[in-house]
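Let me begin by presenting the structure, written as C-alpha cells, before commenting on it.
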Amino acid sequence: MNINIIPLNEKTPMISDKAYVAHNATIIGDVHIESETSIWFNVVIRGDVNCIRIGSRTNIQDGTIIHVSSAGLSTNIGNEVLVGHNALLHACILKNESFVGMAATIMDGAVVESHSIVAAGSLVLGGTRIPSGEVWGGSPAKFLRKVKEREIKDFPNQIQRYVDLAKEYKK
C-alpha cells in the first residue's frame with residue numbers, strides 16, 4: 001500500500017485498482033477515484049472536511065491540489081476530464097469531458113460544464129458557471145470564445161493518450 005494514501009476520520013480513500021496513482025501523490029480521507037484515471041506526481045487530493053469524487057478516465061496532472069470546503073461543498077470531477085499541471089481545484093464541479101489548463105484555479109461553487117475549456121493560468125471565481133462549449137480565461141476568468149469543433153473532436157485522443165501513458169507507468 002502506498003504510504004501517501006491516508007485514512008482520516010474513519011474514511012479511507014477508495015481507488016480503483018485500474019487507476020494509476022504516482023508514488024508521491026497524497027490522497028487523504030473521503031476520496032473516490034474511478035477506473036483508468038491517472039493521478040500524477042506531487043498531486044494532493046485532500047478529502048478531509050468533505051468528499052472528493054473523481055470519475056473514470058480522468059487525468060490529474062503533476063502538482064495539482066484538490067480540496068473541499070467545510071461549508072458543505074464537495075469537489076466532483078466527472079469522467080474524461082483533463083486537468084493540467086499545478087491546477088488548484090477547490091470545492092468545485094468539473095463535468096464530463098471538460099478541460100482545465102495548467103496553473104488554473106477553480107474556486108468554491110464554480111461549475112465547468114462539459115466540453116468547456118478553462119485557459120492556463122485562469123482564476124475562475126466562486127459561483128461561476130462556465131457553459132458547455134465555451135473557453136474562458138484570465139483573472140478573473142471571462143468568456144473568450146466558443147470551443148472549436150476540432151478541439152472537441154481531438155478531446156478523446158488526448159484522454160486516450162493519458163490512459164495509455166498511465167498503463168505504461170503502472171507496469
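No hydrogens, no waters, no symmetry mates; every other heavy atom, side chains included, goes into these values. Nothing fancy with the numbering, it's 1 onward along the sequence. Predicted, not measured: the structure shown is a model, and the values here were computed from it.
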>> Looking at every heavy atom in both Gly47 and Ile52, which two are closest together, and how far apart are they?
In response: N-CD1, 3.7 Å
> Side chains of Ser56 and Asn79: do they bring a donor and an acceptor to under 3.5 Å?
Replying inline: yes
> Is it true that Ile60 and Ile5 fall in one hydrophobic cluster, defined by side-chain heavy atoms closer than 4.5 Å?
Replying inline: yes
>> Suppose we screen for side-chain contact (heavy atoms from CB on, under 4.5 Å). Which residues come up paired with Lys18, at least two apart in sequence or across chains?
In response: Ser16, Ser35
> Any idea which heavy atoms bring Ser98 and Leu94 closest together, and the distance?
Replying inline: OG-CB, 3.7 Å
>> So Ile45 and Ile28, do their side chains get closer than 4.5 Å, heavy atoms only?
In response: no
> Residues two or more places apart in sequence or in another chain: which of them pass side-chain hydrogen bond (donor to acceptor under 3.5 Å, both in side chains) with Asp17?
Replying inline: none
> Mind checking what makes side-chain contact (heavy atoms from CB on, under 4.5 Å) contact with Pro131, not counting sequence neighbours?
Replying inline: Glu134, Trp136
>> Applying salt bridge (Lys or Arg N to Asp or Glu O under 4.0 Å), can you list everything that pairs with Lys142, at least two apart in sequence or on another chain?
In response: none
> Could you state the interatomic distance from CZ (Arg46) to CD1 (Ile66), rounded to the nearest 0.5 Å?
Replying inline: 12.0 Å
> Going by side-chain heavy atoms closer than 4.5 Å, which hydrophobic residues are tied to Val147, directly or by a chain of links?
Replying inline: Tyr20, Trp40, Phe41, Leu82, Phe99, Ile117, Val135, Leu144, Ile152, Phe155, Ile159, Tyr162, Val163, Leu165, Tyr169
>> To the closest 0.5 Å, what do you measure between OG (Ser116) and CD1 (Ile130)?
In response: 6.5 Å
> Within the side chain of Thr37, is there an N or O that forms a donor-acceptor pair under 3.5 Å with the backbone of Arg57?
Replying inline: yes
> Under the side-chain hydrogen bond (donor to acceptor under 3.5 Å, both in side chains) test, which residues partner Glu151, sequence neighbours left out?
Replying inline: Arg145
> By side-chain contact (heavy atoms from CB on, under 4.5 Å), which residues pair with Ser122, not counting sequence neighbours?
Replying inline: Val118, Ala119, Ala141
>> Do Phe143 and Val100 land in one hydrophobic cluster if side-chain heavy atoms of ILVMFWY residues count as linked below 4.5 Å?
In response: yes
>> Can you tell me how far apart SG (Cys92) and CD1 (Ile77) are? Round to the nearest 0.5 Å.
In response: 6.5 Å
> Does some side-chain heavy atom of Asn96 sit less than 4.5 Å from a side-chain heavy atom of Glu80?
Replying inline: no
> Which atoms form the tightest heavy-atom contact between Ala110 and Val124, and what is the distance?
Replying inline: CB-CG1, 3.9 Å
>> Looking at Ala87, is its backbone amide N or carbonyl O close enough to the side chain of Thr105 to form a donor-acceptor pair, meaning the two atoms are under 3.5 Å apart?
In response: no
> If we ignore angles and hydrogens, is there a donor and acceptor under 3.5 Å between the side chains of Asn42 and Asn24?
Replying inline: yes
>> Which residues pass the side-chain contact (heavy atoms from CB on, under 4.5 Å) test with Val49, not counting sequence neighbours?
In response: Val68, Ser70
> Going by side-chain heavy atoms closer than 4.5 Å, which hydrophobic residues are tied to Met107, directly or by a chain of links?
Replying inline: Leu123, Leu125
>> Let me confirm one number: the OG1-NE2 distance from Thr12 to His32, rounded to the nearest 0.5 Å.
In response: 9.5 Å
> Are side-chain N/O atoms of Ser74 and Asn50 paired as donor and acceptor at under 3.5 Å?
Replying inline: no
> Mind checking who shares a hydrophobic cluster with Ile93, ILVMFWY linked at side-chain heavy-atom distances under 4.5 Å?
Replying inline: Val111
> With sequence neighbours left out, which residue pairs that include part of residues 107-132 fulfil the ring-ring contact (aromatic ring centres under 6.0 Å, His included) condition?
Replying inline: none
> Less than 4.5 Å apart, any side-chain heavy atom of Asn86 and any of Asp62?
Replying inline: no
>> Just verifying a value: how many Å separate His90 NE2 and Ile65 CD1, rounded to the nearest 0.5 Å?
In response: 10.0 Å
>> Closer than 4.0 angstrom, basic N to acidic O: yes or no for Lys167 and Glu36?
In response: yes
> Are Ile106 and Val44 co-members of a hydrophobic cluster defined by side-chain heavy atoms under 4.5 Å apart?
Replying inline: no
> Which residues pass the side-chain hydrogen bond (donor to acceptor under 3.5 Å, both in side chains) test with Arg161, sequence neighbours left out?
Replying inline: none
> Which heavy atom in Ala25 sits nearest to a heavy atom in Asn4, and how many Å separate them?
Replying inline: O-CB, 2.8 Å
> If you look at every heavy atom in Asp48 and His67, which pair is closest and at what distance?
Replying inline: OD1-NE2, 2.9 Å
> Do Ile27 and Val21 come close enough that some side-chain heavy atom pair is under 4.5 Å?
Replying inline: yes
> Of the non-hydrogen atoms in Ile33 and Ala19, which two are nearest, and what is the gap between them?
Replying inline: CG2-CB, 4.1 Å
